[in-house]
Amino acid sequence: MLEEQVHQKAVDNQTPGATRRFALSAPGSKPTRTSKKTSSLATRGMDGKYQIIRTPDALRQACEHLLQSEAHGLDCETTDLNPHSGRIRLIQLSTPSATYVIDYDRFNRDDFQPLKPLLESPKPRTICHNGKFDQKWIKHFLGIEIAGLFDSQLASQLIHYSPGQHNLEAVSRKYLDVALDKSLQRSNWEGELSEDQITYAARDSQVLVPLREAMIPRLTELGLIKAAQLEFEAVVALSDIELAGIFLDRELWQQQVNNVSRQHEIIARELQEMLAEGAMQTTLFGHSDINLGSHTQIADALRQMGLPINGATNNTVLLPLKDQFPVVAKLLEYRALDKSLTSYGQAWIDQIHPQSNRIFPDFNQIGAPTGRMSCADPNVQQVPTEKEYRQCFRAPEGRKLLICDYSQIELRILAELSHDRGFVDAFRSGADLHRTTAASVFNVSLDNVSKEQRDFAKRLNFGVVYGIGAARFSFMTGMPLNEAEATLRRYFQTYRQLDEYLREAGQHAVDNHSTRTLSGRLVQYRFDPADREQVSGVRRRGRNAPIQGTSADIIKRSLALLHHELKGTSARIVNVIHDEIVVEVDPDDAEEIGHRVSAKMVQAATEYVKTIPILAEPSIADEWVK
DNA sequence: GTGAAGGGCCAC
DNA sequence: AAACGTGGCCCTTCAC
């Protein structure tokens with residue numbers, strides 16, 4: 001995980017059913033206690049003083065006061081990380097002049113109505129740190145959606161992406177020079193709460209308004225307001241995705257695990273025998289197994305068998321040897337099965353929620369410096385494409401899946417950025433880009449492009465997005481190096497403006513130590529300009545980042561648009577995989593929703609890619625199989 | 001025991 | 001092995 005659970009509010013031991021109340025005395029009592037009485041903190045409204053809210057009347061009055069301010073901080077303390085298994089304990093709302101700590105258990109759901117206009121209108125702004133977390137709880141328990149969110153965690157990541165440095169404590173220290181004591185973050189929020197705990201909760205919400213004030217000038221200076229808005233508007237959608245979870249067919253997955261497990265056992269035994277035999281370790285009494293998961297033992301064994309192995313034993317090294325050496329073929333077979341069994345095995349079943357048969361992954365909205373999202377526990381962005389796995393992600397009874405993905409979005413972004421005539425024309429005419437590329441690079445007519453030539457061209461087109469070199473292209477195609485070099489030369493002669501753009505993009509990143517996506521998102525690089533290897537690394541990343549990052553901008557914009565588009569329908573977004581969105585929907589609505597999803601995805605992309613046609617094809621299915 | 005690092009491999 | 005970008009997950013190895 002990128003951050004050590006920024007809003008880790010889980011409890012160490014849960015005692016469900018606890019009905020005890022706060023250990024505070026008089027209801028509605030005025031602030032009684034402050035943690036650290038420094039006047040500067042007091043004047044800035046960060047002294048830990050609070051008003052506890054326990055009656056509907058007091059809540060109404062608090063909301064009236066909050067409506068007067070331009071912005072308020074919002075924070076929740078909960079008994080768990082997961083809204084499906086925990087409950088809200090406190091809701092803190094804070095302006096520079098007052099902090100309200102709402103004792104959640106004292107209220108019925110209806111009592112929270114006054115919060116609705118406060119949070120659901122874009123003004124006043126609602127400031128959260130990791131708003132996805134708070135939004136999930138507020139939505140799940142109160143049905144409220146935050147409209148005017150400012151997320152200080154996302155803002156911090158936009159200003160300077162440095163993994164692990166974006167929790168509230170670090171951000172408060174950096175922007176406000178305020179030391180937050182987070183020792184109570186993981187304390188028990190289940191039973192009676194101590195005054196220290198409540199003061200801690202109050203202070204967490206008190207830093208939010210000052211944080212926004214400190215961050216807006218930075219965002220403005222760095223030209224990040226638009227990117228920030230994009231991020232903030234995607235939060236509600238991502239919250240809903242996490243709340244929805246995704247259906248996973250336990251029996252089907254188990255069946256697949258069993259199949260793989262059987263194969264794994266057989267192949268492991270055969271591999272052991274081949275390795276032992278080859279290494280002549282067999283004795284009259286049998287041989288001792290080596291650890292097939294140990295790279296060093298595998299490498300040693302293969303070397304003893306006379307294979308040209310230096311250090312690595314990965315796929316690229318082994319693949320060329322597999323026809324000549326049966327043991328290598330067996331090892332590759334074993335590795336594939338082992339990967340399946342370990343990475344896509346029991347762990348996934350353990351994650352399935354017993355009542356709903358759904359899994360609830362964590363999305364990291366800015367999971368990469370380019371702005372790409374990442375996902376974990378489990379990572380539903382890396383499910384093997386094989387049908388055996390994808391079919392386990394099926395629509396539950398009485399529902400359909402709607403899968404919509406962009407067609408070649410990164411290459412279209414590259415066409416937009418480079419204005420390359422060949423790329424632009426191909427996309428505008430709807431021609432097969434890879435075939436067109438092959439015809440030019442291999443100097444044949446369009447009709448005479450062979451399957452192999454088209455395949456080479458396809459690898460090239462995708463490779464340039466990553467800054468591929470001749471050596472790599474030669475290796476992956478089996479083309480001799482000099483031929484690969486010549487092919488790359490012809491490629492960039494064909495696409496002159498592409499070549500020019502990519503060179504400039506790389507150099508720009510090196511010169512400026514940064515680059516940008518089309519939303520204005522800043523991607524920064526720290527490196528030593530005297531280190532040639534680092535420089536070429538930055539050059540490659542600088543070519544890729546605007547493309548990959550703009551693609552991330554686009555999918556986030558899609559999520560924001562779709563969230564509003566699908567409101568009040570039977571559709572729920574259940575997964576997002578970089579250029580693909582998976583929606584669960586009632587069968588009767590599937591077709592219509594499909595058109596709407598596609599239209600919104602196209603609209604989102606068109607906001608950034610203005611000169612190249614965009615395609616997003618919806619398909620309706622029972623399983624997550626394209 | 002725990003955690004970091006290295007190696008390998010899954011996705012887009 | 002690699003001068004092909006971005007992640008997360010699993011395993012082993014090794015240090016503390």
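Atoms considered below: every heavy atom in the structure, side chains included; atoms not considered: hydrogens, waters and symmetry mates. In the text below, chain A, chain B and the rest are named by the order of the sequence lines, each starting its count at 1.
Side-chain atoms of A:Tyr466 lie closest to C:dC4 of the nucleotides C:dC4, C:dG7, B:dG8. When distances run from any side-chain atom of A:Val317 to the nucleotides C:dA1, B:dC12, C:dG7, the shortest one goes to C:dA1. When distances run from any side-chain atom of A:Met476 to the nucleotides C:dC4, B:dC12, C:dG7, the shortest one goes to C:dC4. The nucleotide whose nearest atom lies closest to any side-chain atom of A:Ala312 is, among C:dC10, C:dA2, C:dA1, C:dA1. Set against B:dA11, C:dA2, C:dC10, the side chain of A:Arg390 has B:dA11 as its closest nucleotide. The side chain of A:Ala376 has C:dG8 as its nearest neighbour among B:dC12, B:dG8, C:dG8. Of all nucleotides listed (B:dC12, C:dC4, B:dC9), B:dC12 comes nearest to the side chain of A:Thr385.
Atom CZ in A:Arg541 sits roughly 14 Å away from atom P in C:dA3 (whole-Å rounding). Following rounding to the nearest Å, A:Gln548 (CD) and C:dG5 (P) show an atom-to-atom distance of 11 Å.
Between A:His84 and A:His353, the ring planes are tilted. Angles from 30° to 60° get that label. Using the six-membered ring where Trp is involved, A:Tyr344 and A:Trp348 have ring planes that are tilted, between 30° and 60° apart.
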Donor-acceptor contacts, no H, no angles, side chain residues 379-386 of chain A, under 3.5 Å, sequence neighbours left out:
{"from": "A:Asn379", "atom 1": "OD1", "to": "A:Gln381", "atom 2": "N", "distance (Å)": "2.8"}
{"from": "A:Asn379", "atom 1": "ND2", "to": "A:Cys375", "atom 2": "O", "distance (Å)": "3.4"}
{"from": "A:Gln381", "atom 1": "NE2", "to": "A:Val576", "atom 2": "O", "distance (Å)": "2.8"}

Set out, line by line, the N/O atom pairs under 3.5 Å between protein and nucleotides 13-15 of chain C.
{"from": "C:dT13", "atom 1": "OP1", "to": "A:Ser294", "atom 2": "OG", "distance (Å)": "2.8"}

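Note on residues 465-478 of chain A: no pairs pass side chain to side chain donor-acceptor pair (under 3.5 Å), not counting sequence neighbours.
Residue contacts for A:Val380: at a heavy-atom cut-off of 4.0 Å it reaches no nucleic acid atom on any strand shown. Backbone-only engagement by A:Gly311 is indicated by non-hydrogen atom pairs under 4.0 Å involving sugar-phosphate atoms exclusively. When heavy atoms are screened at a 4.0 angstrom cut-off, A:Arg372 is found touching base atoms of the nucleic acid. At the heavy-atom level, A:Arg532 lies nowhere under 4.0 Å from the strands shown. Using a 4.0 Å heavy-atom distance criterion, A:Arg472 is classed as a base contact. Among the protein residues, A:Ser536 comes within range of no part of the nucleic acid, since none of its heavy atoms lies under 4.0 Å from any strand. As judged by a 4.0 angstrom heavy-atom cut-off over every strand, A:Gly293 is placed among residues touching the sugar-phosphate backbone only. A:Ser340 comes within 4.0 angstrom of no nucleic acid atom, judged by non-hydrogen atoms across all strands. Residue contacts for A:Ser474: at a heavy-atom cut-off of 4.0 Å it reaches no nucleic acid atom on any strand shown.
Considering CD of A:Gln365 and NZ of A:Lys556, their distance stands at 5.0 Å, rounded to 0.5 Å. Atom CZ of A:Phe423 sits about 12.0 Å away from atom OH of A:Tyr501, to the nearest 0.5 Å.
Remark: A:Arg335, A:Lys339 in residues 328-339 of chain A come within less than 4.0 Å of DNA chain B through at least one heavy atom.
Phosphate contact (OP1/OP2 of C:dA2, side-chain N/O of A:Thr316, threshold under 4.0 Å): absent.
Under the side chain to side chain donor-acceptor pair (under 3.5 Å) criterion, A:Thr296 pairs with A:Ser294, not counting sequence neighbours. Partners of A:Asp499 according to the side chain to side chain donor-acceptor pair (under 3.5 Å) rule, which considers only residues two or more places apart in sequence or in another chain, are A:Arg503.
Within 6.0 Å of CZ in A:Arg303 there are more than 12 heavy atoms belonging to other residues, nucleotides or ligands. The neighbour count for A:Glu265 CD, taken as heavy atoms of other residues, nucleotides or ligands under 6.0 Å away, does not exceed 12.
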